[in-house]
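Structure, as structure tokens:
Just so it is clear, the model here is predicted, and its values are computed rather than measured. In what follows, every chain begins at residue 1, and chains take the letters A, B, ... in the order their sequences are listed.
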2 protein chains.
Amino acid sequence: MTTAKAAPPGQPLDPLIHEASRLVIVSVLAECDIADFNFLLDTTGLTRGNLSTHMARLVAAGYVQETKEFVDRKPHTDYRLSAAGRAAYKRYREAWRRLTSHS
Amino acid sequence: MTTAKAAPPGQPLDPLIHEASRLVIVSVLAECDIADFNFLLDTTGLTRGNLSTHMARLVAAGYVQETKEFVDRKPHTDYRLSAAGRAAYKRYREAWRRLTSHS
DNA sequence: GCCTTAAAGTTTGTATCACAAACTAGTTTA
DNA sequence: TAAACTAGTTTGTGATACAAACTTTAAGGC
């Protein structure tokens, strides 16, 4: 029979969002609505390689929408939270608050 | 063994506390003041091995105080947050809120 | 044309680390 | 004596965060 334990069944904190670098990225996107690669580079302080892979993961998860285009004949990438990403971020923050709410 | 360093300032979210399992542990300790191994096992849902290593890291960092004794001829371990752990947890929560507080 | 530098990302190698399985040490039960 | 239980610890491994190296395209000398 199933235990009545209140222990979280899965991951209480969505690891995709909880990871520190991505949490910064997502919270910036939540503020900015739209942001390009260089802006995120600047605000997060990550290296290009690091930012690139984190964005790829967020995109693969469907949390972030990516638009690639050429501006002044140079590549330019914009990112924005998807509806799913926004919802996941909301859930994450609620879960975190629940977890750390005592005092 | 690597020297256990605690909370280098400049690091936005103290990784020692931010990691999901340890965040649960620390927040439980913040509530309970004192907790033994089995209680943490129960409340966190971690395996023994996992809990053991996480506690070792928190102790090594000076965030948690460990008291080992024999109760009924059996080993028994109690944990509590140190002053440093309490302070680090406070800093962590403030940093998190700052990070995720978008207007 | 040819070299150098720069911008904008991507790919790759490595070091860390979370996780559970296996193990240790001692105790109780049969 | 042996099997089973309690209370943890150690070990092997798979995942992954990170920065260095690489790719690609463009612009600026010479």
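- Side chains of Tyr79(A) and Gln65(A) form no contact here, defined as non-hydrogen atoms less than 4.5 Å apart.
- To the nearest angstrom, P of dA20(D) lies 16 Å from CG of Leu51(A).
- Of the side-chain N and O atoms in Lys68(B), none sit less than 4.0 angstrom from OP1 or OP2 of dA25(C).
- Contact between the side-chain N/O atoms of His76(B) and the OP1/OP2 oxygens of dG8(D) is not found at any separation under 4.0 Å.
- With distances taken from any side-chain atom of Arg48(B) to the nucleotides dC18(D), dT10(C), dA7(D), the minimum falls on dA7(D).
- Tested against Glu94(B) for a salt bridge (Lys or Arg N to Asp or Glu O under 4.0 Å), the candidates Arg91(B), Arg97(B), Lys90(B), Arg98(B) yield a single pass: Lys90(B).
- In this structure, Lys74(A) atom NZ and dT10(C) atom P are separated by 16 Å, rounded to whole Å.
- At the phosphate of dC19(C), OP1 or OP2 sits under 4.0 Å from a side-chain N or O atom of His54(B).
- When the side-chain nitrogen and oxygen atoms of Asn50(B) are compared with OP1 and OP2 of dA18(C), none of them lie within a distance under 4.0 Å.
- Between Thr47(A) and dC18(D), a side-chain N or O to OP1/OP2 separation shorter than 4.0 Å is absent.
- Of the residues Tyr89(A), Tyr92(A), Trp96(A), the one that meets the ring pair (Phe, Tyr, Trp, His ring centres under 6.0 Å) test with His18(A) is Tyr92(A).
- Here dG9(C) presents its P atom at 14 Å from CG of Asp42(A), a figure rounded to the nearest Å.
- Straight-line distance from the OH atom of Tyr79(B) to the P atom of dA7(D): 13 Å, rounded to whole Å.
- If you check every strand for non-hydrogen atoms under 4.0 Å, Ser21(B) touches sugar and phosphate atoms only.
- Going from atom CD of Glu69(B) over to atom C1' of dA7(D) covers 13 Å, rounded to whole Å.
- The hydrophobic cluster containing Leu46(A) also contains Phe39(A), counting ILVMFWY residues as joined when their side-chain heavy atoms lie under 4.5 angstrom apart, directly or transitively.
- Whole-Å rounding puts the Asp78(B) CG to dA7(D) P distance at 12 Å.
- Side-chain N/O atoms of Asn38(B) include none lying less than 4.0 angstrom from OP1 or OP2 on dT6(D).
- Of the listed nucleotides (dA27(D), dA17(D), dG8(D)), dA27(D) has the atom at the smallest distance from the side chain of Arg73(A).
- Distances shorter than 4.0 Å separate none of the side-chain N or O atoms of Ser52(A) from OP1 or OP2 on dA8(C).
- Here the side chains of Thr53(A) and Arg57(A) are not in contact, with every heavy-atom distance at 4.5 Å or above.
- Of the candidates dA18(C), dT11(C), dA17(D), the closest approach to any side-chain atom of Glu19(A) belongs to dA17(D).
- In the set dC17(C), dG8(D), dC18(D), the nucleotide with an atom closest to the side chain of Arg57(B) is dC17(C).
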